[in-house]
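Atoms within each ligand, like the ligands themselves, are counted from 1 in listed order. Being a predicted model, the structure only gives us computed values, none of them experimental.
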Amino acid sequence: MAERIQAIIESIEMAKKERGGDSGVSLMAVSKTHPYAAIEEAISCGQLLFGENRVQEILNKFPTGHHGYNLHLIGHLQSNKVKKAVQAVDAIDSVDSLRLARLISKEAIKVKKVMPVLLEWNTSGEESKAGFTDEKEYFSLLDEAQELEGIRIEGLMTIGPLTDNEMDVRTAFATLREIAMKSKITYPHLSFDTLSMGMSQDYRWAILEGSTVVRIGSAIFGQRDYT
Ligand SMILES: *Cc1c(COP(=O)(O)O)cnc(C)c1O
């Protein structure tokens, strides 16, 4: 695993150089379906940022009150799991509705937390994917964000389209970057600095389009077995 993580870090560095500028790119290891032993191995390689997409799996797999690393929820969050999610994770990167933002805010206030969140956009138009598609709902969330104590918006997240067509993939990532720029102009007091985009198959393109966090699963942990 150490060699795989090292190779990814090097390829992130190369893409970052090609992109230019000085914003950094963090590597998130997406450990879903893999046992806690695999996470411990990654930690021993110096990997301290993890992503999981299901609350129940997090509760089953991770010790409570984990320390020394960061765990983000990156999958769709159902309203009946919000309370548990707020207790179990360090950030929620998949906020895809105003309603969900309000629920997270409410639960976070109860436990005196300020939950960092990313707003997820569906930039591919694929129906199977979660995320905002409606600017009106998205901007009404931002309008309300001031009053939403208990959450702190840090940026945006998206999943690229399921294709190896470079143009299509990069267009989706560029769309997220443009939404962030537009948001920043309209809401200068909010932060849109984090752009979480890029997975094992497309993270180089995502970095070229401005990604600041890549979410890598299979390229670190191997293929997922859902059986
Ligand atoms: C599973 C998953 C990833 C990682 O996918 P890989 O192709 O294995 O790198 C990234 N982001 C989200 C939201 C995921 O669910």
Side-chain angles (χ1 to χ4, degrees), residues 1 3-12 15 25-36 38-39 41-42 45 47-58 60-62 69-78 81 85 88-97 100 104 116-133 154-166 168-170 172-173 175-176 194-227:
M1 186 188 292
E3 291 80 16
R4 279 190 253 174
I5 292 177
Q6 196 47 42
I8 293 165
I9 290 173
E10 280 163 23
S11 116
I12 289 173
V25 179
S26 309
L27 170 59
M28 174 185 285
V30 178
S31 44
K32 65 187 185 211
T33 76
H34 297 285
Y36 193 67
I39 292 158
E41 189 182 348
C45 301
Q47 177 62 36
L48 297 175
L49 175 61
F50 294 89
E52 284 277 342
N53 68 342
R54 290 180 60 242
V55 176
Q56 196 52 52
E57 184 171 345
I58 291 172
N60 294 345
K61 198 156 88 180
F62 287 80
Y69 57 91
N70 262 279
L71 176 59
H72 290 214
L73 182 70
I74 60 172
H76 179 66
L77 177 56
Q78 293 167 296
K81 298 270 170 63
V89 302
D90 302 299
I92 299 173
D93 294 353
S94 45
V95 174
D96 56 5
S97 71
L100 180 59
I104 295 169
V117 303
L118 301 180
L119 305 176
E120 180 176 3
W121 267 85
N122 179 346
T123 53
S124 65
E126 290 169 13
E127 271 184 38
S128 58
K129 293 203 165 85
F132 288 96
T133 49
E154 298 196 329
L156 306 180
M157 188 271 246
T158 200
I159 300 175
L162 194 66
T163 166
D164 53 14
N165 182 293
E166 179 171 356
D168 292 347
V169 174
R170 290 186 63 162
F173 293 148
T175 300
L176 195 75
T194 301
L195 288 182
S196 174
M197 53 190 197
M199 319 204 313
S200 294
Q201 300 306 317
D202 57 16
Y203 69 91
R204 296 170 198 82
W205 293 334
I207 293 169
L208 295 178
E209 295 299 339
S211 173
T212 70
V213 185
V214 292
R215 307 180 308 267
I216 312 288
S218 45
I220 293 177
F221 296 104
Q223 288 307 313
R224 283 179 290 275
D225 182 3
Y226 285 100
T227 56

Enquirer: Suppose I only count heavy atoms of K32 and a 4.0 Å limit; which atoms of ligand 1 are within that range?
Expert: 1 (C), 2 (C), 3 (C), 14 (C), 15 (O)

Enquirer: What orientation do H34 and F221 show, parallel under 30°, tilted 30 to 60°, or perpendicular over 60°?
Expert: parallel

Enquirer: At a 4.0 Å threshold, what atoms of ligand 1 neighbour a non-hydrogen atom of I159?
Expert: 13 (C)

Enquirer: Of the protein's non-hydrogen atoms, which lies at the shortest distance from atom 12 (C) of ligand 1, and what is that distance?
Expert: I74 CD1, 3.5 Å

Enquirer: Would you be so kind as to tabulate the donor-acceptor pairs closer than 3.5 Å made by side chains of residues 5-12, with sequence neighbours excluded?
Expert:
{"from": "Q6", "atom 1": "NE2", "to": "E10", "atom 2": "OE2", "distance (Å)": "3.4"}
{"from": "S11", "atom 1": "OG", "to": "Y203", "atom 2": "OH", "distance (Å)": "2.7"}

Enquirer: Suppose I only count heavy atoms of I216 and a 4.0 Å limit; which atoms of ligand 1 are within that range?
Expert: 9 (O)

Enquirer: Please identify which atoms of ligand 1 are closer than 4.0 Å to at least one heavy atom of R215.
Expert: 4 (C), 9 (O), 10 (C), 11 (N), 12 (C), 13 (C)

Enquirer: Should the ring pair Y69 and F50 be called parallel, tilted or perpendicular, given that the plane angle runs from 0 to 90° and is split at 30 and 60?
Expert: perpendicular

Enquirer: Test of understanding: given a 4.0 Å heavy-atom threshold, classify the contact between R224 and ligand 1 as side chain, backbone, both, or neither.
Expert: side chain

Enquirer: Within a strict 4.5 Å, meaning less than it, do heavy atoms of the V213 and L195 side chains meet?
Expert: no

Enquirer: Please state which protein non-hydrogen atom is closest to atom 6 (P) of ligand 1 and give its distance, to 0.1 Å?
Expert: S200 OG, 3.5 Å

Enquirer: Pick from L156, D96, L100, T158: which one makes a side-chain contact (heavy atoms from CB on, under 4.5 Å) with L119?
Expert: L156

Enquirer: Taking distance alone, with N or O pairs closer than 3.5 Å, would you say V30 contacts ligand 1?
Expert: no

Enquirer: Using heavy atoms and a 4.0 Å limit, tell me yes or no: is Q201 in contact with ligand 1?
Expert: no

Enquirer: Would you say the side chain of V30 lies within less than 4.5 Å of the side chain of I216, judging by non-hydrogen atoms?
Expert: no

Enquirer: How far is atom 10 (C) of ligand 1 from its nearest protein heavy atom, and which residue and atom is that?
Expert: M199 SD, 3.1 Å

Enquirer: Ion pair present between E52 and K32, side-chain N to carboxylate O less than 4.0 angstrom?
Expert: no

